[in-house]
Amino acid sequence: MTQRRTNREDPDRGTTRALHAVDDASMHRVPPQDLEAEQSVLGAMLLSVDAIADVVGMLDAGDYYRPAHEIIHRAICDLHHDGQPADPITLTDRLTRCGDIDRAGGAAYLHTLVNAVPTAANAEYYAEIVREKAERRRLIEAGTRLAQMASAPDTDPETLRAAALAEVTELTTHRPAVLDDDTPDDETNTAAPNPLYDAQPGLRRPHRPGPTPHPDVFCGWLGETVKRLDASTEADPVAILVNLISAAGAIIGRRPHLWVGNDRHPALVWALTIGATSAGRKGSATSTARRPLAVAFPEFFGPDHTPRGLNSGEGLIEYVKDDARDDASPASLDKRLWVVESEYAVTMSRGRREGSSLPGVLRQAWDGEDLGSMVRESMKATNPHIAILGHITPLEFRSKMQDSEMAGGTYNRFLPIFCHRNLVLPESRGAEPQLIDSLAQDWRTVLNDAANVDEVQVDDDARALYRDEIYPALTDDETEGALAEFTARAAPYVQRVAMVYALCDHSDTIHLQHMHAAYRLIQYARASAAHLLGTTSANPKVDKLATAVRKAGPDGLTGADIQRLFKKDRKNERDGLVAALLDQPGYIRRQRPTAGRSTTVLAYTG
């Protein structure tokens, strides 16, 4: 009786005891796993090439419970990718040369795997068991992380909700890494070797829940810098790349330019690096790119040229406003800025305030126009050269992009770049000083030479690629919704980015490789927006359905609503659109209560 009264007086005590009981039980419970199934999968792969093709489409190496099995799976895939047979003899040789044979259990264990498999024909069945166990482990791990966050007294509800959404998105978008040679070569996936992202012996790469850039984006000197820095950082290589492109364009200044129609485009590239707070490594990407550039141009990387805090349009103009005094300092005459905003969601919110001058000033700055304020007529800035790079989380990005005025009016001047931790380096101390000094010396020469270029030209091959392939692909009027608004400037942006690639290669002319690399980067930006907004640029009808589901709000979209939306389409075609939408993060099928039987609806949870 007394115990019951105590629990009523302190209702949290019973909950706390239950949580401790769960934690104690969890410590002694074996996670879901099936070692026999894991052995059978690997044994089948060693017996049959067809089994390898079946398994790699279903499993990631990280799906195995036993670490030795993950090592063996990766080695078999490497042999297969290299066109070599995978059997216990060749696998032993590969693991021995990589120094992994002992971690894999030894040569004798590889022969045990072959003997353990009942039949190689059932490889898919065994792989399904392994994948199901892995998914259950991920669910348990995600639930444990959320429970720990929820029980922490200093975790606010908004952070908890964001973490829950990130966990759900990670779980629902998890896909095995397809290694077949016939993988489609498109915006989000490629069969081409991609050294900065492919699994390699000795490297720990976390699962990547979003798109992967094409290897061709790492072109020329920009790409070479990223490759030389990659082993020293957990940051996403493509995030390091856009930081370099944005900062390099700012340092170069406004003299180099190209003409797109009657518009003069400076070497200004704005980007939003979008990644989860814990896994995005957005700040690491900026610091990695900044380090050699700051050694090369210490005078630029100070408060005069790299300020923080976009509070208002007037505040931005203040940094670059005209100074007509005879004794004006050189910094006041040098209008170059590289603004890095680590909390860009706050900046976006400020821009939505009534009467804010920030959106208008940002549009002028991206265009390279003179800046002025309607609030303070005396404040103006001629010949500014301002590059901006923002950090934002996927949740913040999705919520802000619901406002089409924000997406289409100002923020389509930013390239959205999805980023995710690419390596696990618990003991990294960063790049060696000798490497930084070497890179800095080359960057100093590259950007000083680039600053003296005037109009940038485009050679015939690059012009033909843009005219015949890039421009038609990026000006497709069928794309609708937030994605179309956010990527409306994709076509001219290709030429801007190509100009920076060329200038960083000591060239005053955009060549084919520069135009191609820029196109691949813009494709990746579009794929990033599609992934993060929960839509796709490949099918306008899926975009149309996504827009309708979002507009329906909490009530969702019924089957009858979908039929009215696509009256000319057959039922199987409508079902295909629904299935494609459900593959996108944030979209679910759920039951909506009614007066009678419940109704199945499509809804958006982002």
Side-chain angles (χ1 to χ4, degrees), residues 59-64 67-68 70-75 77-78 81 95 98-100 103-104 134 138 141 145 166 170 173-179 188-190 192-218 222-245 271 273-292 391 393-394 417-436 439 521 524 527-528 531:
L59 289 182
D60 282 332
D63 287 340
Y64 293 91
E70 176 180 350
I71 295 170
I72 295 169
H73 179 100
R74 292 187 187 279
C77 290
D78 288 341
H81 186 272
L95 290 170
C98 295
D100 288 332
R103 295 171 59 210
R138 292 190 186 98
E141 291 165 2
R145 286 192 294 269
E170 170 81 13
T173 58
H174 182 85
R175 293 291 185 271
V178 180
L179 299 178
T188 62
N189 204 351
T190 174
N194 205 346
L196 291 172
Y197 293 94
D198 290 342
Q200 297 181 36
L203 294 181
R204 294 176 59 193
R205 296 202 190 280
H207 166 67
R208 188 177 185 85
T212 300
H214 194 280
D216 289 352
V217 303
F218 301 103
L222 284 161
E224 178 65 21
T225 300
V226 174
K227 293 170 185 175
R228 291 171 68 178
L229 290 169
D230 180 60
S232 68
T233 178
E234 294 186 335
D236 197 325
V238 74
I240 300 172
L241 177 71
V242 295
N243 271 272
L244 286 171
I245 290 174
T273 52
I274 309 168
T277 301
S278 59
R281 298 298 192 269
K282 304 179 291 293
S284 296
T286 296
S287 60
T288 300
R290 179 188 178 112
R291 192 175 167 196
H391 301 167
T393 69
I417 301 295
F418 169 77
C419 59
H420 192 270
R421 182 171 64 160
N422 192 50
L423 286 172
V424 179
L425 302 172
E427 298 181 355
S428 174
R429 296 296 181 267
E432 293 293 334
Q434 297 89 333
L435 173 59
I436 296 299
L439 290 171
L521 186 59
Y524 179 73
S528 295
H531 167 70

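For clarity, every value in this text was computed on a predicted model and none was experimentally measured.
- Panel note: side chain Ser428, backbone Ser232; a donor-acceptor pair is recorded below 3.5 Å.
- To the nearest 0.5 angstrom, Asp230 atom CG is 8.5 Å from Leu425 atom CG.
- Atom OH of Tyr197 is separated from atom NE2 of His420 by 11.5 Å, given to the nearest 0.5 angstrom.
- Formation of a donor-acceptor pair under 3.5 Å by the Arg208 side chain with backbone atoms of Pro206 is not found in this model.
- Considering every non-hydrogen atom in both Gly430 and Arg291, the closest pair reads C-NH1, 4.1 Å.
- Of all non-hydrogen atoms in Ser284 and Thr233, the two that sit nearest each other are CB-OG1, 4.3 Å.
- Pro292 and Ile436 get closest at one heavy-atom pair: CA-CG2, 4.0 Å.
- The shortest non-hydrogen separation linking Tyr524 to Thr212 is CE1-C, 3.7 Å.
- Rounded to the nearest 0.5 angstrom, Asp78 CG and Cys98 SG are separated by 7.5 Å.
- One finds the CD1 atom of Ile72 at 7.0 Å from the CG atom of Leu95 (value rounded to the nearest 0.5 Å).
- Here Ser528 pairs with nothing under the side chain to side chain donor-acceptor pair (under 3.5 Å) rule; sequence neighbours left out.
- Scanning all heavy atoms of the two residues, the minimum distance from Val217 to Leu241 falls at O-CD2, 3.6 Å.
- Atom-to-atom distance recorded for Leu229:CG and Leu244:CG is 7.5 Å, nearest 0.5 angstrom.
- A donor-acceptor pair is defined here as one N or O able to donate and one able to accept, closer than 3.5 Å; such a pair exists between the side chain of Asn422 and the backbone of Leu196.
- For Phe218, there are no ring-ring contact (aromatic ring centres under 6.0 Å, His included) partners, not counting sequence neighbours.
- Within the 3.5 Å criterion, the main-chain N or O of Cys419 finds no donor-acceptor partner in the side chain of Lys282.
- Checking side-chain atoms of Asp236 against main-chain N and O of Val238 turns up a donor-acceptor pair under 3.5 Å.
- Residues satisfying the salt bridge (charged side-chain N to carboxylate O under 4.0 Å, His left out) criterion with Arg205, sequence neighbours excluded, are absent altogether.
- One distance of note links NZ of Lys227 with CD1 of Ile240; it measures 13.0 Å at 0.5 Å rounding.
- The salt bridge (charged side-chain N to carboxylate O under 4.0 Å, His left out) test applied to Asp100 returns Arg103, not counting sequence neighbours.
- Not counting sequence neighbours, the partners of Glu234 by the salt bridge (charged side-chain N to carboxylate O under 4.0 Å, His left out) test are Arg281, Arg421.
- Considering only residues two or more places apart in sequence or on other chains, Asn243 meets the side chain to side chain donor-acceptor pair (under 3.5 Å) condition with Thr286.
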